[in-house]
Amino acid sequence: MVYIALRSTSRGVVATELSDDGDLVLETVVAEADLAAWVAAREPERPRWVWGDTSRWYPQLLAAGVRVDRCVDLRLCHTILRNSAAAASSALATAARDSWDAPPPARAATTSDALFDLEGPADDADPIAEWRRQRDAVAGAADHGRLGLLLAAESVGALVAAEMRFAGLPWSVEEHDRVLTEILGPRIPGGRPARLDALADRLRELLDAPALNPDSQQDLLKALQNAGFRVESTSKWEIREIDHPAVEPLLEYKSLSRLLSANGWHWLEEWVRDGRFRPVYVPGGVVTGRWASDGGGALQLPKQVRSAVVPDPGWRFVVADASQLEPRVLAAMSGDRAMAKAGQASDMYQGMVDTGAVETREQAKYGMLGAIYGGTTGESGRMRPRIEKAFPAAMAFVEAAARAGEHGDVVSTWLGRSSPPGEGLGYDETASEVQKRRTQQRAAAWGRFTRNFVVQGTAAEWALCWMGSLRRRLWSLGGGSLVEKPHLVFFLHDELIVHTPAGLAEEVAAAMRESAAEAGRLLFGGVPVEFAVSVAIVDRYSDAK
DNA sequence: TCGGAAAGCGCC
DNA sequence: AAAGGGCGCTTTCCGA
């Protein structure tokens, strides 16, 4: 394996070739303008490019038509190693915070909790020293295989994030406009679209509140209370319980108004250019390891507008969804044999019914959500004893994570990403009853967080491996540049979309399934849990499922 | 007048 | 007794 570290200096880009042992082999200075050609010339050896931040280096390479196979994203890997319990005694984890601990550049400007006044990784931060520090940290970890896999997966995720932004999600402005007009009524510049306006009028009438502005929570709350309802908020959950003719139009108004403000014509004009939606994806942007996004609400695209996601002529989408990913992950990591058996069905919830754990699919679903989120009310609370009885190992696993969190202990995902330590969860006997109760509530909330962290975070690791495996397979299909072959255009936690020439769709679909199986083997080896994916070949996103 | 907080809701 | 995890975005509200 060849590593090539890139570093920006006043002389130009210094590219340093390193051997697998970490020894310096060769140092070359390349003008920034010549970098893409230089990288392209070295890429056939499949080096692992070592750089401070993928979002600093890769977009310019992609723009020049250069796709790289592998990298080490030092900033993302540093964050994992800084916090991982598995590497807690390493030199990296025990060193003072420095520019490698800074938030990603795209978010640094808007993140108010940038506790440390850092801008980095500074462009001149030494990638070689950091790379060696990271290798030492991994080598010294008890389970260095898992941690190494996590860092590789995180880095390939960073490549995919840049590639997806480069390619963009194909978007039909015409279809989006059609949907908006159909749902909201014709656009009225500076005013509410026709249907929304009519609903507002109707609400004023039904609630006998001629001046009501339904967009104002205060206004609305008063109007509802004046109509004789003891509501404390204007949330749809509370309104849904009311028996009044205004409820239906009010809920519809809320839904429409939300569509208009979040994904209406204004969104379309701001975010869609040349038939592509290009959000900034932020790998590792969530504490659990999930991705976040910056701008455009990429990870919250409402179902209402998904018909506007349309492939280019002669191309199709292959949409894949990992069914019941989190329950499957829990079955694998807890080693719960009964749950693994249920997970051999393509519909795991139905599998739970068929193995006799619960009576209905709904019970299975809410029972599992309760186990993973720590829910105790409603159906998930009622199902808890049965889930506990049917899947004791799985339940004990999440319970242990919850207890750890309540005590302020750190928990870790399967591959070794650790939660932040809990703070302010203890009290002494001098505390007042009110203080004690508040602290207990905080501890319980933190326990729900750590309970969920281990499952959500491991699911995110599985998804990264799935994506990385798929990326490699896609590159071997067809010919031409990145966007001339089948390529990833969207990732949503447990869902992937590939934009592909129509003739390759079936091969892509097969690659989706094979990659899912490979991700399961990579993480869990021989544990007999199936990672089922549902795959659809469609001509618009909304036709999947 | 501005900006942060809170509410509310979309996604998984 | 009360008790659902993680996000991003827009709007309204309210105080500096």
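Residue numbering restarts at 1 for every chain, and letters A, B, ... go by the order of the sequence lines. Only this structure's heavy atoms are used, side chains among them; waters, hydrogens and symmetry mates stay out.
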Please tell me which of A/Phe449 and A/Asp215 maps to the more 5' nucleotide of DNA chain C, matching each residue to the nucleotide holding its nearest heavy atom.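 On the 5' side of the pair lies A/Phe449.
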
Could you label the plane-to-plane angle of the A/Trp271 and A/Phe277 rings as parallel, tilted or perpendicular, counting under 30° as parallel and over 60° as perpendicular?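 Taking A/Phe277 first and then A/Trp271, their aromatic rings stand perpendicular (interplane angle over 60°).
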
Atom-pair distance ([atom1] on [X]; [atom2] on [N]), nearest Å:
X        : N      : atom1 : atom2 : result
A/Ile372 : C/dG4  : CD1   : P     : 16 Å
A/Tyr373 : B/dC11 : OH    : P     : 13 Å
A/Gln304 : B/dC9  : CD    : P     : 13 Å
A/Arg384 : C/dA2  : CZ    : P     : 17 Å
A/Trp291 : C/dG8  : CH2   : P     : 14 Å
A/Leu299 : C/dG5  : CG    : P     : 20 Å
A/Lys365 : B/dC12 : NZ    : C1'   : 12 Å
A/Trp446 : C/dG5  : CH2   : P     : 12 Å

Indicate whether OP1 or OP2 belonging to [N] is found under 4.0 Å from a side-chain N or O atom of [X].
X        : N      : value
A/Thr234 : B/dG8  : yes
A/Thr377 : C/dG4  : yes
A/Ser257 : C/dT11 : no
A/Arg448 : C/dG5  : yes
A/Lys254 : B/dG8  : no
A/Gln218 : C/dC14 : yes

Would you say [atom1] of [X] has more than 12 non-hydrogen atoms from neighbouring residues, nucleotides or ligands within 6.0 angstrom?
X        : atom1 : answer
A/Asp208 : CG    : no
A/His266 : NE2   : no
A/Tyr366 : OH    : no

Which nucleotide, if any, forms a Watson-Crick or G-U wobble pair with B/dA6, using both distances under 3.5 Å?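 The base-pairing partner of B/dA6, which may sit in any strand shown, is C/dT11.
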
Is there a Watson-Crick or G-U wobble partner for C/dA2 with both distances under 3.5 Å, and which nucleotide is it? none

A/Trp414 ring centre to A/Arg146 NZ or CZ under 6.0 Å, with the angle to the axis within 45°?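 Satisfied, under 6.0 Å and within 45°.
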
To the side chain of [X], which of [options] is closest?
X        : options              : result
A/Gln217 : C/dA3, B/dA7, C/dC13 : B/dA7
A/Thr288 : B/dG8, C/dG6, C/dC7  : C/dG6
A/Arg258 : C/dC7, C/dC9, C/dG4  : C/dC9
A/Asn452 : B/dG8, C/dG6, C/dA3  : C/dG6

Whole-angstrom distance between B/dA7 and C/dA3, as gauged at atom P: 15 Å

hbond_proxy A/Arg290 side chain to C/dC7 base (donor-acceptor, 3.5 Å cutoff):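 There is none.
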
Distance-only donor-acceptor test, A/Gln300 side-chain atoms vs C/dG8 base atoms, 3.5 Å: yes

Please work out if [X] contacts a base, only the sugar-phosphate, or nothing of the nucleic acid, heavy-atom cut-off 4.0 Å.
X        : answer
A/Ser261 : sugar-phosphate
A/Val287 : sugar-phosphate
A/Gly295 : sugar-phosphate
A/Gly296 : sugar-phosphate

When you look at A/Gln440 and A/Tyr427, which way does the side chain to side chain donor-acceptor pair (under 3.5 Å) test go after all the steps? CA-CA 9 Å; A/Gln440 282 163 357; A/Tyr427 54 81; 2.8 Å; yes

A/Glu433 vs A/Arg437, salt bridge (charged side-chain N to carboxylate O under 4.0 Å, His left out): CA-CA, chis, key distance, verdict: CA-CA 6 Å; A/Glu433 286 308 311; A/Arg437 198 168 61 243; over 6 Å; no

